[in-house]
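The next block holds one structure in the form of structure tokens; read it before the comments.
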Amino acid sequence: MSQYDPAVTEPYWQAAWDEAGLFTARRDPARPKYYVLEMFPYPSGRIHMGHVRNYTMGDVVARHKAASGYSVLHPMGWDAFGMPAENAAIERGGHPKDWTYQNIADMRGQMKPLGLSIDWSREFATCDPEYYGQQQALFLDMLADGLVYRKNAVVNWDPVDMTVLANEQVIDGKGWRSGAAVERRELTQWFFRISAYSGELLDALDGLKDWPEKVRLMQANWIGRSRGLQFAFTLSGAPEGFDRLEVYTTRPDTLMGASFAAISPDHPLAKHLERHDPAVASFVAECRRVGTSAEALETAPKMGMDTGIRVLHPFDNGWELPVYIANFILMDYGTGAIFGCPAHDQRDFEFATKYSLPIPPVFVAAGSDEGPMTEAFVPMKSEPVRYVRGFAGAEVQTGAEAVDAAITFCEANGVGHGVTNYRLRDWGLSRQRYWGCPIPVVHCDDCGVVPERHENLPVRLPDDVTFDKPGNPLDRHSTWGRVPCPACGKPARRETDTMDTFVDSSWYFARFTAPHAVTPTDAADADYWMNVDQYIGGVEHAILHLLYSRFFARAMHKTGHLPGKAIEPFNALFTQGMVTHEIYKTTDANGRPVYHLPEDVTEGRLQDGTVVEVIPSAKMSKSKKNVVDPMSIIAAFGADTARWFVMSDSPPERDVEWTASGAEAAFKHLSRVWRMADEASRAEGPAMPDDAALARASARAITDVTAGIEGFAFNKAVAALYAFSNAIQKSDAGPDARRDALKIMAQIMAPMVPHLAEEVWAMLGGQGMVSAARWPVADAGLLVEGDVTLPIQINGKRRAEISVPKDMPKDEIEKLALANEDVVRFLAGQPVKKLIVVPGRIINVVV
RNA sequence: GCCCGCGUGGUGGAAUGGUAGACACAGGGGACUUAAAAUCCCUCGGCCGCAGGGCCUUGCCGGUUCAAAUCCGGCCGCGGGCACCA
């Protein structure tokens, strides 16, 4: 062969790796293990550049760890349940199952040419009955342990499609598909008791040192701990059975600023009134009409209705406050009831203004007096304020001090107790959808809700379903739902809801450790491989997927499916940036935008010469057509070029812009490396004086590339490899030294460009395959230069430099520096006030 | 509104207190070639100067330090997350 030809060499080496079984993960008690995992893909049918970047990062880590002596687990699978498969069936006919498995086959076919060091023997899809059957087993164990339960919940209900919609699927109060006005409906749904772990999930974030600070903060905010006081008002004029009203507040120090109490429309008291009072009923109905989406809540005006009921202030039984039903009170936070303090809460202020309620201030800014208020005064809790209606502690103190004092005072006086609350709510997992994991329970008229027996798992999805009508096909299946009650044997009905697809992805990492086990996990395998040492994926999963997985690790531990050490699923997390591309736009005759694929645009023009508008880089998306198909890059340049490009230039946590010129340049560089190896393999000649310098460059490269990979700075590893190849190219070293350097290059570039590395290694007579070779160690003796160049600053400005032996004593350096002719010229006889010598670094002369 | 991050040449970025701009893309010049491609060499932050060289420069203003892109304070701009959470 006379030139770099990845189309030939890449398939060759992939076959060689397969044949050698190089990537098959094996439990090896003699070696440390390393489990590296990239977030598994949804099988859309096509891989995109984001996949290439994500899996290449994981592959770099996996290959480097394998070369460094670790027993590596690097698996791949498919997050295969979900709505796109059903939507495809609805829109184009066919079956979700066929659509999904065909997509998996297509994507696997596109991923294999990337040459990833994946153990494909562990591959599974979450829609495999072998997988979701084990998930059902987990569900039953969690049910038995009280980690799953049923309750009524308010959801977005699409009356046309007859399904629950996620908040994201409600647009302007209408279903995204049907366009029907979405209703708030109360349904009985299954929930995971994730809130039982609120405190622990929050506290344990501190231990996740190798997670991005940003993700930990987002999770902490999401869990949302607050400390406050819960106490009961005595009710007056309330219906029979309602004599006390529990409320929760984080600002008990503002109790003397109370001007009303308010309850949620879903509060038991409101529901009671709703049944007996038509006015209340119509008001509550009005509140319900507004959706639960964030957008709907944001735009909804504050509404309230005086119930006529009164509460007595806990510190003054003669002080009565009106009780309102208010639309902005959430039933599932705190107690679903509050006391309103309009002076120090903006919502309460707006409410009080609207309904002409008093606004008594509790504190004022330190050093100022009471005055008329145009908005609520809400200072930072760390800011000292002067209390004019305080009841515990000093007159001037911070909000935080006042809250603590108020809780202590209230507890001592029998008014409630301190309580810690969390924003995190239980995870509703029921979906009225076909293409998901069936919830393995049966509804019996006599026995109620009965768990399916373990021996009847998996509860398989039926294949004979139709999608010609809206709603869940499982509901209208003629036979699937009819089963005997697992408890009494009488005819009963299967649960037809399926699980949220987030359940599938909450434990797949554990299943990879023993993908064929007849229980959810295998104790020995899980014990050896867990936890995932390095997890890599998009930051868009910072909260839901990563929090659910952390919950599942705990739930699986509690139910005996994970060993003790695996309380956290992912020891280290890396969130990678996107691959972006410019957008090319023209406008049609009607003024509508028309987008063009990058391959149709050359130097800013279409084929017919039309100039396109170039919009700066954005995430690759089909609708903007700014996509580059990895398969076309592999066809044109090979997988190594695609891998090299996505590792280059941008730090991995940031976005990287794909450019045609960059891809071409990557290919040119790899070709140059190939040529250097080709020439070196045939060169003859004696050793040369430059051999030692090249050996030093090799040591430098090993150090820098290793540091880049281990520090997740692949762009710096790539830069070090560029510098190394420049050094080899420019070197006047002899052929043996060049071959040695190039073999080291093959070893340290192998994680990024494994096929080319094998090729170079083979050309230069390397032993075996470079993918099986040990990671090279830099010779420490070569790293230290004999002489160092020290810049000399005068008053902080660089004016000269001297070259001195590395270990020259400080005082001699000082003498040399002051004797330097440039220094003498700049000093012009001025006396030196101070002389700073930082060994090996710099000299600064202060005058 | 609350929380967080970022700001360095034409571009992506490097340097986390010690020579700012490594490495690369784009640009400019040259060699080879009948020509092109490929390849190789030089140049490439701004201003002044024939040159040796000098001055300026990390969003803006100030501070700490012998020394600041880096640490501290304030401002401006961009991006992300959460959001009726009592």
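Note: hydrogens, waters and symmetry copies are ignored here, and every other heavy atom, side chains too, is used. Throughout, protein chains are lettered first and strands after them, A, B, ... in sequence-line order, and every chain is numbered starting at 1.
Residues passing the ring pair (Phe, Tyr, Trp, His ring centres under 6.0 Å) test with A:Phe724: none are found, sequence neighbours excluded. Annotation: ring pair (Phe, Tyr, Trp, His ring centres under 6.0 Å) contacts of A:Tyr355 (sequence neighbours excluded): A:Tyr324, A:Phe351. Legend: residues meeting side chain to side chain donor-acceptor pair (under 3.5 Å) with A:Ser725, ordered by chain and number and at least two apart, are A:His669, A:Arg672. Shown here are the side chain to side chain donor-acceptor pair (under 3.5 Å) partners of A:Arg425, two or more places apart in sequence or in another chain: A:Asp332. Taking the ring pair (Phe, Tyr, Trp, His ring centres under 6.0 Å) definition, one finds that A:Tyr197 meets it with A:Phe551, sequence neighbours left out. Scanning for ring pair (Phe, Tyr, Trp, His ring centres under 6.0 Å) contacts around A:Phe391 gives A:Phe315, A:Phe409, with sequence neighbours left out. A:Asp210 is linked by a salt bridge (charged side-chain N to carboxylate O under 4.0 Å, His left out) to nothing, counting only residues two or more places apart in sequence or in another chain.
Contact annotation for A:Ile792: no contact, since no heavy-atom pair falls under 4.0 Å across all strands. Residue A:Tyr722 is classed as a sugar-phosphate contact, given heavy-atom separations below 4.0 Å to backbone atoms only. Residue A:Asp348 is classed as having no contact, given no heavy-atom separation below 4.0 Å to the nucleic acid. A:Asn715 comes within contact range of the sugar-phosphate backbone alone, with a heavy-atom separation under 4.0 Å but no base atom that close. Contacts of A:Leu217 with the nucleic acid, taken as non-hydrogen atoms under 4.0 Å apart, involve only primed sugar atoms and P, OP1 or OP2. No contact: A:Ser671 has no heavy atom under 4.0 Å from any strand.
Nucleotides B:rU33 and B:rC50 have their C1' atoms positioned 36 Å apart, rounded to a whole Å. Taking atom P on both nucleotides, B:rC23 is separated from B:rA15 by 13 Å, rounded to a whole Å. Between B:rG73 and B:rG80, the two C1' atoms lie 25 Å apart (nearest whole Å). Between the P atoms of B:rC2 and B:rG10, the separation comes to 36 Å (whole Å). Distance noted for atom C1' between B:rU19 and B:rG7: 24 Å (whole Å).
No side-chain heavy atom of A:Cys341 sits under 4.5 Å from any side-chain heavy atom of A:Phe260. Put simply, the side chain of A:Arg550 reaches to within 4.5 Å of the side chain of A:Leu547, judged on heavy atoms. The shortest side-chain heavy-atom distance between A:Val673 and A:Met745 falls under the 4.5 Å cut-off.
For B:rA86, the OP1/OP2 oxygens have no side-chain nitrogen or oxygen of A:Tyr248 closer than 4.0 Å.
In this structure, A:Gln219 places its CD atom 20 Å from P of B:rC3, rounding to the nearest Å. Rounded to a whole Å, the NZ atom of A:Lys833 is 11 Å from the P atom of B:rC66. In this structure, A:Ile836 places its CD1 atom 14 Å from P of B:rU19, rounding to the nearest Å.
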Find every protein N or O atom lying less than 3.5 Å from an N or O atom of nucleotides 41-46 of chain B, and list the pairs.
none

Under 3.5 Å, which N/O atoms of the protein pair with N/O atoms of nucleotides 9-12 of chain B?
unit_1	atom_1	unit_2	atom_2	d
B:rG12	O2'	A:Ser650	OG	2.9
B:rG12	N2	A:Asp649	OD1	2.9

Atom pairs, protein N/O to nucleotides 55-62 of chain B N/O, distance under 3.5 Å:
unit_1	atom_1	unit_2	atom_2	d
B:rC55	OP1	A:Arg799	NH2	3.1
B:rC55	OP2	A:Arg799	NH1	3.1
B:rC56	OP2	A:Lys797	NZ	3.4

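Contacts with RNA chain B (heavy atom under 4.0 Å) in residues 837-847 of chain A: A:Val838, A:Arg841, A:Ile842, A:Asn844, A:Val846, listed by number.
Between the side chains of A:Ser226 and A:Tyr248, at least one donor N or O lies within less than 3.5 Å of an accepting N or O. Side chains of A:Gln3 and A:Arg675: no donor on one and acceptor on the other come within 3.5 Å. A:Glu375 and A:Gln346 share no donor-acceptor pair across their side chains, judged by distance under 3.5 Å alone.
When all heavy atoms are compared, the tightest approach of A:Ala258 to A:Pro360 is O-CG, 4.3 Å.
Annotated stems with RNA chain B as a participant read B:1-7 with B:76-82, B:10-12 with B:23-25, B:27-31 with B:39-43, B:45-48 with B:53-56, B:59-63 with B:71-75, given as range with range, by first number; only runs of 3 or more Watson-Crick or G-U pairs under 3.5 Å qualify.
B:rG79 adopts an anti glycosidic conformation, its chi angle falling more than 90° from 0.
Aromatic ring pairs are classed by plane angle as parallel below 30°, tilted from 30° to 60° and perpendicular above 60°; the pair A:Phe339 and A:Phe231 is tilted.
Panel note: side chain A:His344, backbone A:Val362; a donor-acceptor pair is recorded below 3.5 Å.
A centroid separation of 6.0 Å or more is found between the aromatic rings of A:Phe637 and A:Phe645.
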